[in-house]
Protein chains: 2
Amino acid sequence: MLHKNADDIRQTLEDEIASGEHAPGTRLEELVLAKRFGVSRTPVREALRILSASGLIELKPRKGATVAPLSLERLVEMFEVMAEMEGVCGTIAARRMTTSELTFLRHQHFICAEAAQSGDADHYYAENARFHALIYAGCHNEFLIEEVQRLRRRLQPYRRLQLRLKGRIADSFAEHQAIVEALDAGEEEAAGRLLKAHISIQSHRFADWVSGLNATRLVPETT
Amino acid sequence: MLHKNADDIRQTLEDEIASGEHAPGTRLEELVLAKRFGVSRTPVREALRILSASGLIELKPRKGATVAPLSLERLVEMFEVMAEMEGVCGTIAARRMTTSELTFLRHQHFICAEAAQSGDADHYYAENARFHALIYAGCHNEFLIEEVQRLRRRLQPYRRLQLRLKGRIADSFAEHQAIVEALDAGEEEAAGRLLKAHISIQSHRFADWVSGLNATRLVPETT
DNA sequence: TATAAGACTTATGTATACAGACACGAAAGG
DNA sequence: CCTTTCGTGTCTGTATACATAAGTCTTATA
């Protein structure tokens with residue numbers, strides 16, 4: 001892992017944080033990272049600045065960088081925004097998706113069916129992501145897509161957890177079915193409402209799950 | 001303007017870009033900025049990285065920083081997302097605003113009335129911003145507020161333009177009236193729909209205005 | 001005259017050096 | 001034995017130095 005440039009380092013750290021490799025609250029020391037990547041502190045610092053701007057890490061003056069410690073409240077807030085934005089995507093996609101885009105979506109839905117039957121959570125997770133990506137694309141709003149995916153990425157480790165809960169995969173797939181039908185019929189309101197609910201459930205399940213613990217700080221799944 | 005630190009520099013540049021002082025497409029050279037702020041290139045570079053992460057500037061390797069050149073398409077996309085997010089804020093605020101928050105909102109609405117009658121676009125702009133900020137606060141979702149305000153900030157120079165259009169201030173105020181009533185009555189759907197429309201109008205007027213020019217690149221008002 | 005190749009200039013990317021702040025620990029005093 | 005204070009070390013913030021790539025201008029040749 002030697003001699004990466006600043007952008008490689010940012011990418012690597014981003015992936016590692018998003019995947020939960022660095023738990024929230026973990027201290028990230030410049031010298032340590034510099035040694036690890038085989039570079040000087042300069043590119044490391046620049047990578048950290050960028051990550052701080054996108055909210056993945058917290059950067060306190062003279063106190064260094066820590067992986068953004070997400071409180072339960074904030075996580076719930078983020079899930080709420082995620083659900084709303086997905087709903088918006090659904091509403092817009094319902095009136096903008098082309099017939100060929102709808103064909104692709106139905107095809108992906110079919111693939112999700114197979115993944116769901118296999119029972120492999122990771123497999124379903126991947127195909128599920130593709131399914132949603134197709135809906136995003138159907139918005140024909142690049143900016144919206146970027147924003148949603150940025151948020152989706154930040155919530156990734158916490159979302160992934162959901163699909164491991166009993167029965168969630170089957171439910172998720174059933175919801176997809178309704179969403180596909182709404183999009184197919186061009187029913188804006190329904191598509192938006194269903195997608196929002198689809199994501200909200202993750203949030204509710206998440207809250208249920210976490211209320212079982214007495215933790216105010218959450219440690220995501222370390223894949 | 002001598003001897004600022006990296007964060008001061010970021011703040012200053014952010015303000016200057018948001019206010020349109022640096023037109024989109026303008027090149028930002030590290031050495032020039034360093035001289036101007038009386039520091040070395042190091043803090044300037046870090047400020048630029050952060051600005052690039054928040055989308056205000058574009059940072060191409062070996063090609064330096066340019067103020068993000070917003071294409072017309074992208075600007076329209078951003079306005080669309082802005083409208084949707086405001087709508088979401090309205091929906092949520094309608095069911096979460098406390099009576100005291102509603103009192104404050106009505107009070108601010110009254111102040112907007114005075115500003116509207118004065119005919120001073122800048123004055124109305126400022127009070128209008130406070131009005132919307134109160135609705136944001138009514139969401140009780142800090143994360144959503146941060147995201148909306150980030151976007152609002154980026155669109156600031158283009159939004160400001162709208163209020164100078166003939167009759168826009170009166171229309172805007174009338175729309176506020178309906179929004180206040182919906183929030184007061186706790187009508188989620190209406191509040192969301194009205195707020196979304198309120199912002200969408202800016203987008204439409206903007207598109208109308210810009211279609212008069214044959215420009216693909218836009219230069220915001222340099223206040 | 002136009003075009004292409006090569007040197008030169010300039011700006012970015014990275015490394016290193018230095019200064020200062022914060023944290024931890026040891027030692028002294030109560 | 002506990003508390004407080006001072007010293008030392010470590011990490012961050014900034015400056016400067018060096019390497020390299022992109023762009024430009026000049027010059028030579030067709």
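Throughout, a chain's letter reflects where its sequence line sits, starting with A, and its residues are numbered from 1. Both backbone and side-chain heavy atoms feed into the values below; hydrogens, waters and symmetry mates do not. This structure is a prediction, so every number in the text was calculated from the model and none was measured.
Sorted by first and then second residue, the side chain to side chain donor-acceptor pair (under 3.5 Å) pairs involving residues 51-64 of chain B (not counting sequence neighbours) form an empty list.
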Summarise protein proximity over nucleotides 6-16 of chain D in one line of letters, 5' to 3': B for base, S for sugar-phosphate only, - for none, counting protein heavy atoms closer than 4.0 Å. -----SBBBBB
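In this pair, A:His176 and A:His132 present their aromatic rings perpendicular. The plane angle is above 60°, beyond the 30 to 60° band.
None of B:Glu16, B:Glu30, B:Glu29 except one satisfies the salt bridge (Lys or Arg N to Asp or Glu O under 4.0 Å) rule with B:Arg36; the exception is B:Glu16. Results of the side chain to side chain contact (heavy atoms under 4.5 Å, CB included) test with A:Ile57 over A:Thr66, A:Ile17, A:Ile50 single out A:Ile17 as the only residue that passes. No option in A:Asp15, A:Asp8, A:Leu13, A:Ile9 other than A:Asp15 meets the side chain to side chain contact (heavy atoms under 4.5 Å, CB included) test with A:Gln11.
Atoms CG (A:Leu48) and P (C:dT14) sit 14 Å apart, rounded to a whole Å.
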